[in-house]
Amino acid sequence: MKKNSTFWLFFAVLVVAALAAPLAIASTFWIDFLTLTLFLAVLGQGWNILGGYGGQFSFGHAVFFGTGAYLQVILQAKLGFNPWAAIPFAILGGIVIGAFTGFLSFRYGLRGSYFALITLAFAEAFRVLATSADAITDGGQGIYITLNQDPTKALATLQFGAGNGYYYCAVIITVISLLIAFWIENSRFGAQLVAIREDEDAAEAIGVNAFKVKMQAICLSGAITAFGGVFYAQKFLFMDPNIAYGPVKSVEMLVMPIIGGMGTIFGPLVGSFFLHTLGEVSKHAAHELVGDRPGLDLIVYGIALVLILALLPNGLVGLIRRLFRREVSRA
Amino acid sequence: MLEARGITKRFGGLVAVRQADLTANPGEIVALIGPNGAGKTTCFAMLSGFLKPDEGSVHFAGADITGLKPHAICARGMVRTFQIVKPFAHLSVRENIAVGAHARIADRAAALDQAASIAGRVGMSHMLDQQASALTVAGRKRLELARALATEPKLLLLDEVMAGLNASEISGIVEHIKAIRDGGVTIVLIEHVMQAVMSLSDRAYVLNNGAVIATGTPNEIATDPAVIEAYLGHGAAARLATGGVHA
Ligand SMILES: Nc1ncnc2c1ncn2[C@@H]1O[C@H](COP(=O)(O)OP(=O)(O)OP(=O)(O)O)[C@@H](O)[C@H]1O
Ligand SMILES: [Mg+2]
């Protein structure tokens with residue numbers, strides 16, 4: 001149970017630091033930077049549940065993000081929903097898509113690269129669908145949530161303008177996603193999920209209903225990722241087929257936990273921080289050295305990913321743990 | 001307690017198991033022996049739900065379990081181990097065994113406690129916090145046994161848990177298996193180590209080319225001409241009987 005007290009320690013420090021950060025940081029640029037970092041850590045955690053803990057590598061997690069985000073926008077723009085009332089439906093959308101993809105893949109025993117390909121295909125199919133379903137999504141031009149300009153209605157409309165509201169929302173969803181990962185690590189469900197990742201036949205032999213556990217995992221993963229989509233929709237008040245279902249989000253979601261440490265509670269968060277900081281630093285460095293070069297941060301992402309995959313099989317969290325253990329054993 | 005009737009499995013043109021009848025009564029240790037490729041592991045796979053028999057049926061604890069999934073069969077109290085061990089490599093010994101314990105126990109802390117006590121029953125108490133990937137062959141075989149045992153089975157199917165072990169490790173595991181049986185668990189084991197088969201089993205089946213060619217007590221089996229032929233080749237029994245085997 002020593003492991004758990006370490007978690008609560010890190011968790012408490014993080015929450016306090018996150019809540020205090022706006023007092024220390026005046027620049028809206030850096031608050032925005034933190035907000036997006038946390039937001040992507042949540043998406044990464046969604047992927048991590050299924051990919052990191054369950055070993056089912058999805059290349060199309062945008063299908064959950066996009067569905068959550070689209071539902072959040074469409075329910076408000078087309079059906080006049082209150083944003084709060086839209087949230088459960090957006091999350092439910094992620095669960096339904098999860099159940100659907102999961103059933104088709106797991107029922108027919110698709111594993112490994114086959115599973116990766118089918119998720120990729122799903123995301124692509126939804127992108128095409130969202131583009132052509134003009135009447136619902138307004139097609140390729142994208143769909144907007146009406147802007148609220150009355151600051152007293154910020155909470156009611158879940159639109160926070162330029163203040164720190166979005167940042168605090170990002171903190172809240174990050175906290176929720178960390179607590180879910182903590183529960184995974186301390187529950188029968190999580191133990192069975194990890195066993196499936198390690199060896200599905202062995203797990204099945206000793207009583208793990210692999211199909212059921214994988215279905216639960218993909219639904220939970222879909223729910224968290226769709227929740228991330230809700231946040232995105234409320235922050236940018238806009239959605240189009242490429243943002244929703246394009247490959248960029250799918251890739252970002254798997255890169256964060258892979259770099260940070262798959263199947264760890266803090267992996268997605270650490271990975272997101274590392275990559276965003278790296279991206280920002282390289283953007284500035286490139287600006288100083290060679291002028292504006294859009295896309296340079298993506299190249300740096302790629303290089304970091306290759307290096308970390310080659311050198312750190314357990315990601316940054318694995319590295320931190322190793323260093324920490326060495327310190328402890330030296331003391 | 002276990003009754004397989006006429007189970008058959010074909011892989012393409014190859015009949016791996018042909019019309020095999022197998023039974024195990026409560027409290028017995030039953031051995032399943034035979035040359036390499038005889039179909040022993042395939043039998044286990046059919047009994048435990050990993051392969052669906054092409055023909056025949058499997059009854060366990062009074063119910064037809066043919067075609068049930070392995071996890072459902074485990075829930076009914078029959079569990080197999082794997083000849084090619086399958087440790088959860090990145091997990092500790094304790095966590096490995098706890099997955100088995102979760103078959104009956106929902107609570108995480110209780111399952112981890114149960115894992116520690118099961119580890120004691122197979123002599124792994126001192127390795128609880130070792131990562132499974134760091135275990136020796138003997139350790140991995142024990143882990144297979146411990147994980148299966150943690151599911152609280154009524155019947156254990158052990159596939160060559162002694163292969164690759166040295167003599168002292170074998171006598172160690174033989175003692176553990178006896179203790180498990182004395183604890184009320186029925187056991188069917190596949191084994192090439194004859195010394196273990198002779199000392200452990202109440203009954204044995206001999207499988208050759210997918211068919212059961214003999215059944216009886218270990219002593220009856222050892223003198224059965226058909227069995228000797230299966231192991232030593234055609235005509236061997238006759239030569240043995242006349243004292244004519246030299247090479
Ligand atoms: N999945 C499979 N696909 C095709 N053939 C198979 C498969 N599994 C087993 N076989 C074949 O079926 C036959 C029986 O194999 P099985 O593993 O049951 O033998 P065994 O008695 O356990 O042998 P050993 O003592 O070597 O473990 C062998 O000829 C094997 O090559
Ligand atoms: Mg075999």
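What you see below is based on every heavy atom in this structure, not just the backbone, and it leaves out hydrogens, waters and symmetry mates. Sequence lines set the chain letters: A, B, ... in the order given, protein chains first and strands last, and positions in each chain run from 1.
- Residue with the most contacts toward chain A among B/Arg104, B/Arg80, B/Arg108, B/His102: B/His102 (heavy-atom pairs, distance under 4.5 Å).
- Shown here for B/His71 and A/Val208, the closest heavy-atom pair between the two residues is CB-O, 3.4 Å.
- Annotation for A/Phe211: atom CZ counts as buried by contact number, over 12 foreign heavy atoms lying within 6.0 Å.
- Residue B/Ile105 touches chain A through its backbone alone, counting heavy-atom pairs closer than 4.5 Å.
- Neither the backbone nor the side chain of B/Ala111 comes within less than 4.5 Å of any heavy atom in chain A.
- In terms of heavy atoms, B/Cys74 sits closest to A/Ala205 at CB-O, 3.6 Å.
- If you measure heavy-atom distances from B/Phe88 to chain A, the contacts under 4.5 Å come from both the backbone and the side chain.
- Without hydrogens or angle criteria, A/Gln192 side chain to B/Val99 main chain gives no donor-acceptor distance under 3.5 Å.
- Side-chain atoms of A/Asp201 and B/Lys86, non-hydrogen and from C-beta on, do get closer than 4.5 Å to each other.
- With a 4.5 Å cut-off on non-hydrogen atoms, B/Ala75 does not touch chain A at all.
- For B/Arg203, the CZ atom counts as densely surrounded, since its 6.0 Å shell holds more than 12 non-hydrogen atoms of other residues, nucleotides or ligands.
- Within the 4.5 angstrom heavy-atom criterion, only side-chain atoms of B/Thr151, from C-beta onward, approach chain A.
- Contact check for B/Arg147 versus A/Ile206: side-chain heavy atoms found under the 4.5 Å cut-off.
- The environment of A/Leu311 atom CG is dense: over 12 non-hydrogen atoms of other residues, nucleotides or ligands sit within 6.0 angstrom.
- Remark: A/Lys212 NZ is loosely packed, at most 12 non-hydrogen atoms of other residues, nucleotides or ligands lying under 6.0 Å away.
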